[in-house]
**Q** 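Please read through the structure below; I'll follow up with questions.
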2 protein chains.
Amino acid sequence: MTTTAPQTRIQKRNREVILNAALEVFSTHGFRGATLDQIAAAAGLSKPNLLYYFSSKDAIHIALLEGLMETWLAPLKEIDPKGEPVEELVAYVLHKLQMARDFPRESRLFANEIVQGAPRIAPQIDGPLKALVDEKAAEITQWVDEGRLAPVDPHHLIFSIWATTQHYADFDVQVRGILRPNGTEHFDTASDFLAAFYRRALTPA
Amino acid sequence: MTTTAPQTRIQKRNREVILNAALEVFSTHGFRGATLDQIAAAAGLSKPNLLYYFSSKDAIHIALLEGLMETWLAPLKEIDPKGEPVEELVAYVLHKLQMARDFPRESRLFANEIVQGAPRIAPQIDGPLKALVDEKAAEITQWVDEGRLAPVDPHHLIFSIWATTQHYADFDVQVRGILRPNGTEHFDTASDFLAAFYRRALTPA
DNA sequence: GTCTATATAAGGATAGAC
DNA sequence: GTCTATCCTTATATAGAC
């Protein structure tokens, strides 16, 4: 948050209620598709009351995105350069898949934003995100050079992990539509598939 | 198209101009985010003239999606069950990546639609798309059973191919932001990465 | 802090001249 | 076929009572 922290307990609680409602609506309909009426209804508050806590629709959206970036990148930070390469990366894949399952709204919020050109978070991408990815890419390259990992382009590897895991949140309707009627446990089968797939592709010859 | 084909040459041409402009705008801003003003400006026509050719904003969007689904699925149909399994699938990956490079707007149009719950194309997903995927999944399973392909869940394999290739169109800003300043040829490096990656993961032991 | 009422603007769609 | 002018709904945001 860049703004001052809320003071009273009720303020804090209402801000949270609003952000949760907004996450639901923005992630489903995109920024433009979402309306304050929908968010107000989901939050159980009146529309003007929303704007008592946040100065505008934009401000709500920005607050959501800012609060999210850090959480979203945490798993990448946890890749341990001192660990066993293949296991570290497979663990990262499974961690990201778990997040797609547990926080699909957050994933879709990002997807909406980035597909539409990231008008509100381009600076976050070009700054902290790029820095972290470059750092981790260097560590992966180190592993490859040591022969402990199959030769891969580290940036594209990271992209592939993001793509394959977030797919299950972002394209959920499609996945369910195709896997129906056996799609109830598709995160389990995806977990098995991805773990085996990345293990095969990354284990050095 | 479900509607009657346009008669005169000028009608046909204007419909195409409008659809092209609409693809640009819808793919960038989503359905709700796009305005008829923007589409009209991009098409070089007046707003009422747009509505002379298409009965509503919705009608334009639907026409786009309908015309697209077939093109988008064509590469999947071309996987030859009589071919060499690993090579057929690697070729499919590269074909899909090429489409992401050559038709990013089409990819983003789909992404926008599906991320937001596919309100307008759910029937297409549950019908023809599922049918085709199930058919191809059976062929892949056959290959696995014959020991000509590493053991993989065919549905999740297809999802992973869609995810990793379309990622370069849908998340283009993110990819460019991270690969900057060396991102001009990133489709080439992605091509190398994905070909090697899928080959390693799919070749039987 | 929360509401009702309302100002104001944007956007989809139509009327009707040319 | 194409335009200008306009209708009308929706949606963001504010005023002001309580």
Side-chain angles (χ1 to χ4, degrees), chain A residues 1 3-65 109 112-113 116 119-120, chain B residues 1 3-65 109 112-113 116 119-120:
Chain A
M1 310 282 183
T3 53
T4 317
Q7 268 102 31
T8 75
R9 236 161 302 173
I10 187 164
Q11 277 179 343
K12 189 175 178 191
R13 193 180 159 281
N14 272 344
R15 283 181 64 98
E16 277 170 16
V17 166
I18 291 169
L19 286 177
N20 183 59
L23 175 58
E24 184 70 30
V25 179
F26 280 134
S27 65
T28 309
H29 298 98
F31 179 74
R32 282 285 305 256
T35 70
L36 289 179
D37 273 318
Q38 290 175 300
I39 298 173
L45 296 171
S46 71
K47 204 162 35 163
N49 207 9
L50 239 63
L51 296 168
Y52 172 78
Y53 288 100
F54 292 90
S55 58
S56 67
K57 180 184 177 181
D58 244 274
I60 303 176
H61 196 242
I62 290 170
L64 271 181
L65 289 174
L109 184 72
N112 265 306
E113 182 69 9
Q116 300 188 8
R120 278 165 264 266
Chain B
M1 311 282 183
T3 53
T4 316
Q7 268 103 31
T8 75
R9 237 161 301 171
I10 187 163
Q11 279 180 341
K12 189 175 179 192
R13 193 181 159 281
N14 272 344
R15 283 181 65 97
E16 277 170 15
V17 167
I18 292 170
L19 286 177
N20 184 59
L23 175 57
E24 185 71 30
V25 178
F26 280 135
S27 66
T28 309
H29 299 98
F31 179 74
R32 281 286 304 256
T35 70
L36 288 180
D37 275 318
Q38 290 175 299
I39 298 172
L45 296 171
S46 71
K47 201 161 42 162
N49 206 9
L50 238 64
L51 296 167
Y52 172 77
Y53 289 100
F54 291 90
S55 60
S56 68
K57 181 184 177 182
D58 245 275
I60 302 176
H61 196 243
I62 290 170
L64 272 180
L65 289 173
L109 184 73
N112 265 306
E113 182 70 10
Q116 299 188 11
R120 277 165 264 266

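In what follows, every heavy atom counts, from backbone to side chain, and hydrogens, waters and symmetry copies are set aside. Below, chains carry the letters A, B, ... as their sequence lines are ordered, and counting in each starts from 1.
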**Q** Hey, is the side chain of Ser46(B) poking within less than 4.0 Å of OP1 or OP2 on dT2(D), counting only N and O atoms?
**A**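 For dT2(D), OP1/OP2 do not have a side-chain N/O of Ser46(B) under 4.0 Å.
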
**Q** Do we get Lys57(A) above Phe31(A)'s six-membered ring, with its NZ or CZ under 6.0 Å from the centre and within 45° of the axis?
**A** yes

**Q** Reckon Tyr52(A) has a side-chain N or O less than 4.0 Å from the OP1 or OP2 of dT2(C)?
**A** no

**Q** When all nucleic acid strands are considered with a 4.0 Å heavy-atom cut-off, which category describes Ala34(B): base, sugar-phosphate, or nothing?
**A**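 Result for Ala34(B) = sugar-phosphate.
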
**Q** Can you find a side chain N or O atom of Asn49(B) that sits less than 4.0 Å from OP1 or OP2 on dT4(D)?
**A**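 Negative; the distance criterion is not met.
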
**Q** Nearest whole Å is fine: how far is dG1(D) P from Phe54(B) CZ?
**A** 14 Å

**Q** Using OP1 and OP2 only, check whether a side-chain N or O of Tyr53(A) sits under 4.0 Å from dT2(C).
**A**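 So the side chain of Tyr53(A) is within the cut-off, an N or O lying under 4.0 Å from OP1 or OP2 of dT2(C).
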
**Q** Got a sec, which residues hit salt bridge (Lys or Arg N to Asp or Glu O under 4.0 Å) with Arg120(B), two or more places apart in sequence or on another chain?
**A**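 Applying salt bridge (Lys or Arg N to Asp or Glu O under 4.0 Å) to Arg120(B) gives Asp58(B), Glu113(B).
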
**Q** The side chain of Pro48(A) is closest to which nucleotide in this list: dT2(C), dT4(C), dA13(C)?
**A** dT4(C)

**Q** Contact class for Leu36(A) vs. all strands (heavy atom < 4.0 Å): base, sugar-phosphate, or nothing?
**A** sugar-phosphate

**Q** Take the protein atom NE2 of His29(A) and the nucleotide atom P of dT10(D), then report the distance between them rounded to whole Å.
**A** 16 Å

**Q** So, does Thr8(A) get its side chain near the phosphate of dG1(C), meaning an N or O under 4.0 Å from OP1 or OP2?
**A**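 So the side chain of Thr8(A) is within the cut-off, an N or O lying under 4.0 Å from OP1 or OP2 of dG1(C).
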
**Q** What's the shortest heavy-atom distance between Thr8(B) and Gln11(B), and which atoms?
**A** OG1-N, 3.1 Å

**Q** Find the distance Arg15(B):CZ to dG1(D):C1' and express it as a whole number of Å.
**A** 15 Å

**Q** Check the distance between dC3(C)'s P and Leu45(A)'s CG and give it to me in whole angstrom.
**A** 6 Å

**Q** In whole angstrom, what separates Asp58(B)'s CG from dT9(D)'s P?
**A**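 Roughly 18 Å, once rounded to whole Å.
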
**Q** Look up atom CZ in Phe54(A) and atom CD1 in Ile60(A), then write down how far apart they are to the nearest 0.5 Å.
**A** 6.0 Å

**Q** So, is Arg32(B) near the phosphate of dG11(C), with a side-chain N or O under 4.0 Å from OP1 or OP2?
**A** no

**Q** Given dT14(C), dG1(D), dA5(C), which nucleotide is nearest the side-chain atoms of Gln11(B)?
**A**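 So the side chain of Gln11(B) is nearest to dG1(D).
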
**Q** How long is the straight-line distance from CD1 of Ile18(A) back to CZ of Arg13(A), given to the nearest 0.5 Å?
**A** 10.5 Å

**Q** Report the distance from atom NZ of Lys57(B) to atom P of dA13(C), rounded to the nearest whole Å.
**A**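 Distance, rounded to whole Å: 8 Å.
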
**Q** Roughly how many Å is it from CG in Leu50(B) to C1' in dG11(C), rounded to a whole number?
**A** 13 Å

**Q** Report the distance from atom NZ of Lys47(B) to atom C1' of dT2(D), rounded to the nearest whole Å.
**A** 15 Å

